> 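Please see the structure below; I have some questions.
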Amino acid sequence: MIPSDHVEPRPSLPAHFYNRDAALVARELLGAELRFSSAHGVISGVIVETEAYLGPHDPACHATAGRTARTWHLFGPPGTAYVYFVYGMHWCVNAVTREDGFGSAVLIRAVQPLRGIETMRERRPKARRDADLCNGPAKLCAAYGISRAQDGVSLVNSALRIVERESVPDEHVIVGPRVGISKAVDWPLRFRAVEIGAVP
DNA sequence: ACGCGGATGGCCT
DNA sequence: GGCCATCCGCGTA
């Protein structure tokens with residue numbers, strides 16, 4: 001029997017995976033696994049929804065504000081975690097894309113929980129079903145325990161990382177407009193993997 | 001089922 | 001001062 005804390009070793013997505021257009025990285029992150037190892041054990045889940053933020057020329061991207069204290073790590077090297085605080089109470093996590101200093105990223109919007117579900121439930125007591133634990137960018141950060149301490153860490157090397165798992169075929173991917181923004185609202189930069197066999 | 005608004009604080013103008 | 005890459009609860013059906 002496999003112990004409950006056993007986690008299969010899987011290679012991290014390498015830095016060069018992230019050194020491409022954010023839209024391409026967002027599409028290909030679907031099916032990868034977001035893992036966080038902490039004192040509370042390993043938390044993990046499969047990435048099922050992402051959004052691309054293309055850089056300083058994208059009106060909805062935080063890079064338009066320039067390199068400020070808040071956006072500092074958005075301009076970091078590819079494969080960096082950019083974690084920001086929003087609406088006075090929520091954290092969201094991005095994977096930085098393209099070359100060091102460019103300022104584009106992929107927002108991780110939803111994850112299908114795999115491990116550490118008990119810990120997730122403790123952190124998100126309001127989630128009535130397991131499906132509600134990580135189905136939003138701030139929800140998944142709360143469930144994982146991601147906050148400012150993870151801003152700027154490497155998603156290739158650190159306790160918070162993204163590892164290979166599976167690829168999602170095109171016929172299982174829905175592309176649409178980004179959520180919760182007021183500029184460039186019609187740019188098709190949101191990617192969702194349809195959940196096969198999901199119970200409504 | 002769906003729409004609306006309050007919570008809540010840091011950051012840019 | 002106003003604007004958020006959000007979430008949740010409450011109201012009306």
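The shown structure was predicted, so the numbers you read here are calculated from the model rather than taken from an experiment. Order of the sequence lines fixes the chain letters, A, B, ..., with proteins taken first and strands second; residue numbering starts at 1 for each chain.
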> Rounded to whole angstrom units, what separation is found between the OH atom of A/Y87 and the C1' atom of C/dG2?
13 Å

> Applying a 4.0 Å non-hydrogen cut-off, can you work out what A/I181 is touching in the nucleic acid: base, sugar-phosphate, or nothing?
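Sugar-phosphate: the residue A/I181, judged by heavy atoms under 4.0 Å, touches backbone atoms but no base.
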
> Should A/L155 and A/L160 be marked as a side-chain contact (heavy atoms from CB on, under 4.5 Å) after you check the CA-CA gap, both sets of side-chain angles, and the distance that decides it?
CA-CA 6 Å; A/L155 293 169; A/L160 179 66; 3.8 Å; yes

> If pairs are Watson-Crick or G-U with both distances under 3.5 Å, what is the dot-bracket string of DNA chain C, marking crossing pairs with [ ] and pairs to another strand with |?
||||.|||||||.

> What is the distance, to the nearest angstrom, from the CZ atom on A/R67 to the C1' atom on B/dC12?
18 Å

> Between A/H90 and C/dC7, does any side-chain N or O lie under 4.0 Å from OP1 or OP2?
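No.
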
> What is the distance, to the nearest angstrom, from the CZ atom on A/R129 to the P atom on C/dC8?
12 Å

> Go through the steps for A/I47 and A/E33 under the test side-chain contact (heavy atoms from CB on, under 4.5 Å), then give the verdict.
CA-CA 6 Å; A/I47 296 170; A/E33 182 179 335; over 6 Å; no

> Calculate the interatomic distance between A/N135 atom CG and C/dC7 atom P; express it in whole Å.
8 Å

> Could you check how far CZ of A/F85 sits from P of C/dC3, rounded to whole Å?
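From A/F85 CZ to C/dC3 P: 19 Å.
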
> With side chains defined as the heavy atoms from C-beta onward, is the minimum distance between A/V111 and A/V48 less than 4.5 Å?
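Sidechains of A/V48 and A/V111: no contact.
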
> Nearest-Å distance, CG (A/L189) to P (C/dA5)?
15 Å

> Return the value, rounded to whole Å, for the distance between atom NZ of A/K183 and atom P of B/dC12.
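Taking NZ of A/K183 and P of B/dC12, I get 13 Å after rounding.
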
> Between A/D132 and A/K126, does any side-chain N to carboxylate O distance fall below 4.0 Å?
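The answer is no: the pair does not qualify as a salt bridge.
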
> On DNA chain B, check which nucleotide each of A/R148 and A/M89 is closest to and give me the residue with the more 5' one.
A/M89

> Do A/Y82 and A/H62 pair up side chain to side chain, a donor and an acceptor below 3.5 Å, judged on atom types alone?
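Their side chains do contain a donor-acceptor pair, which is all the 3.5 Å distance test asks for.
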
> Does a side-chain heavy-atom distance below 4.5 Å link A/R35 with A/V7?
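Touching, per the 4.5 Å side-chain cut-off.
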
> Side chains of A/L189 and A/V175: closer than 4.5 Å at any heavy-atom pair?
no

> Give a yes/no answer on whether the side chain of A/S182 brings an N or O atom under 4.0 Å of OP1 or OP2 in C/dC4.
yes

> Please classify the nucleic acid contact of A/A138 as base, sugar-phosphate, or nothing, using heavy-atom distances under 4.0 Å.
sugar-phosphate

> Using whole Å, what does the distance between atom C1' of nucleotide C/dG9 and atom CZ of A/R124 come to?
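It works out to 14 Å between those atoms.
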
